[in-house]
Amino acid sequence: MTTTPTEILQTAAAALETTAPAAVDPTAATEAGLSVESLKSLMDSFDPAALLPELDKVFGSLATVCRVAVMIGPVVLLVLGLAYLFLSPKEANYYFGYRCYFGMGSVHAWRFTQRLAGAVLGGLGLILTVIMLLISGGFASMEVTAMVWRAVSCLVWEAVLALLATLAINLAAAVRFDRKGEYRNRKSK
């Protein structure tokens, strides 16, 4: 049988009320009024885990939480890629679009960077969405710790691939354009 915190407080208050009202020695009052053995037996039946809510009630199903965590990154990459392809402004701005140093120098550099970012991030998002759907489909049959570590490793791989895609887009813009947005392979006359 577990004891609730209110029962512990009521028992302790009742024990304190039975102590001597004016004792000269404070240890004598506590020893006389409070039985150490009764407090030990009370604390032995206390379960601190009963104070915490059950994780299934807080999070729903842990497998669902892991699936959502794994699927957020690829879906965001897919949406960003499609937005860069179809919704980016025609000219460089500081509000919307894939911005990099070499892609903001001219209209040609801007449009090239938007198309490249849309294709790379959209393709990566689509591929990762399919892969993560296949991986997260097996979460329900896994042991809890293995499922969580699988989800963490998926998140790490998603982050690394997104970083590599971003570096590749920036490098491609830097190879093709100078800081003013002019093509590097054209010779000045």
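Just so it is clear, the values below take in all heavy atoms, side chains as well, and ignore hydrogens, waters and symmetry mates. Since we're looking at a predicted model, the values are computed, not measured.
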Fill in: Shortest non-hydrogen separation from Phe96 to Ala83 and the atoms involved
CZ-CB, 3.7 Å
Item to complete: Mind checking the CE-CG spacing from Met71 to Leu128? Nearest 0.5 Å is all I need.
Response: 9.0 Å
Practice prompt. Using the side-chain contact (heavy atoms from CB on, under 4.5 Å) rule, take His108 and Tyr183 through it: C-alpha gap first, then chi angles, then the decisive distance, then the call.
Written response: CA-CA 9 Å; His108 297 293; Tyr183 288 102; 3.9 Å; yes
Item to complete: Looking only at non-hydrogen atoms, find the nearest pair between Asn93 and Met104 and report the distance.
Response: O-CE, 3.5 Å
Fill in: Heavy-atom side-chain proximity of Phe112 to Arg176 below 4.5 angstrom
yes
Worksheet entry | Closest approach of Met147 to Ala63 (non-hydrogen atoms, all atoms of both residues) | SD-CA, 3.6 Å
Discussion item. To the nearest 0.5 Å, what is the distance between CE on Met132 and CH2 on Trp157?
Written reply: 10.0 Å
Item to complete: Rounded to the nearest 0.5 Å, what's the gap from CD1 on Ile135 to CE on Met142? Could you check?
Response: 9.5 Å
Worksheet item: Does the Ser153 side chain pair with the main chain of Arg150, one donor and one acceptor, at a distance under 3.5 Å?
Response: yes
Practice prompt. Answer yes if Leu121 and Phe102 sit in the same cluster of Ile, Leu, Val, Met, Phe, Trp and Tyr residues linked by side chain heavy atoms under 4.5 Å apart, and no otherwise.
Written response: no
Practice prompt. Mind checking the CG-CD1 spacing from Leu77 to Ile127? Nearest 0.5 Å is all I need.
Written response: 11.0 Å
Worksheet entry | Separation between CZ of Arg111 and OG1 of Thr113, rounded to the nearest 0.5 Å | 12.0 Å
Worksheet item: Are Arg99 and Trp110 side-chain neighbours, meaning at least one heavy-atom pair lies under 4.5 Å?
Response: yes
Discussion item. Measuring only between side-chain heavy atoms, which start at C-beta, is Arg184 closer than 4.5 Å to Val175?
Written reply: no
Practice prompt. Write down the atom of Thr129, the atom of Pro74, and the distance for their closest heavy-atom approach.
Written response: OG1-CB, 3.3 Å
Worksheet item: Mind checking whether Leu133 and Val70 sit in one hydrophobic cluster, side chains of I, L, V, M, F, W, Y counted as touching below 4.5 Å?
Response: yes
Fill in: Partner of Tyr84 under side-chain contact (heavy atoms from CB on, under 4.5 Å), chosen from Leu80, Leu87, Leu82
Leu80
Enumerate, atom names and distances included, each donor-acceptor pair closer than 3.5 Å involving a side-chain atom of residues 158-173, sequence neighbours excluded.
from   : atom 1 : to     : atom 2 : distance (Å)
Thr166 : OG1    : Ala162 : O      : 2.9
Asn170 : OD1    : Tyr98  : OH     : 3.1

Worksheet entry | Interatomic distance, Phe139 atom CZ to Cys154 atom SG [nearest 0.5 angstrom] | 5.0 Å
Practice prompt. Group every Ile, Leu, Val, Met, Phe, Trp and Tyr by side-chain heavy-atom contacts under 4.5 Å, then state whether Tyr101 and Leu116 land in the same group.
Written response: no
Item to complete: Return yes if some donor-acceptor pair links the side-chain N/O of Ser106 with the main-chain N/O of Gly181 below 3.5 Å, else return no.
Response: yes
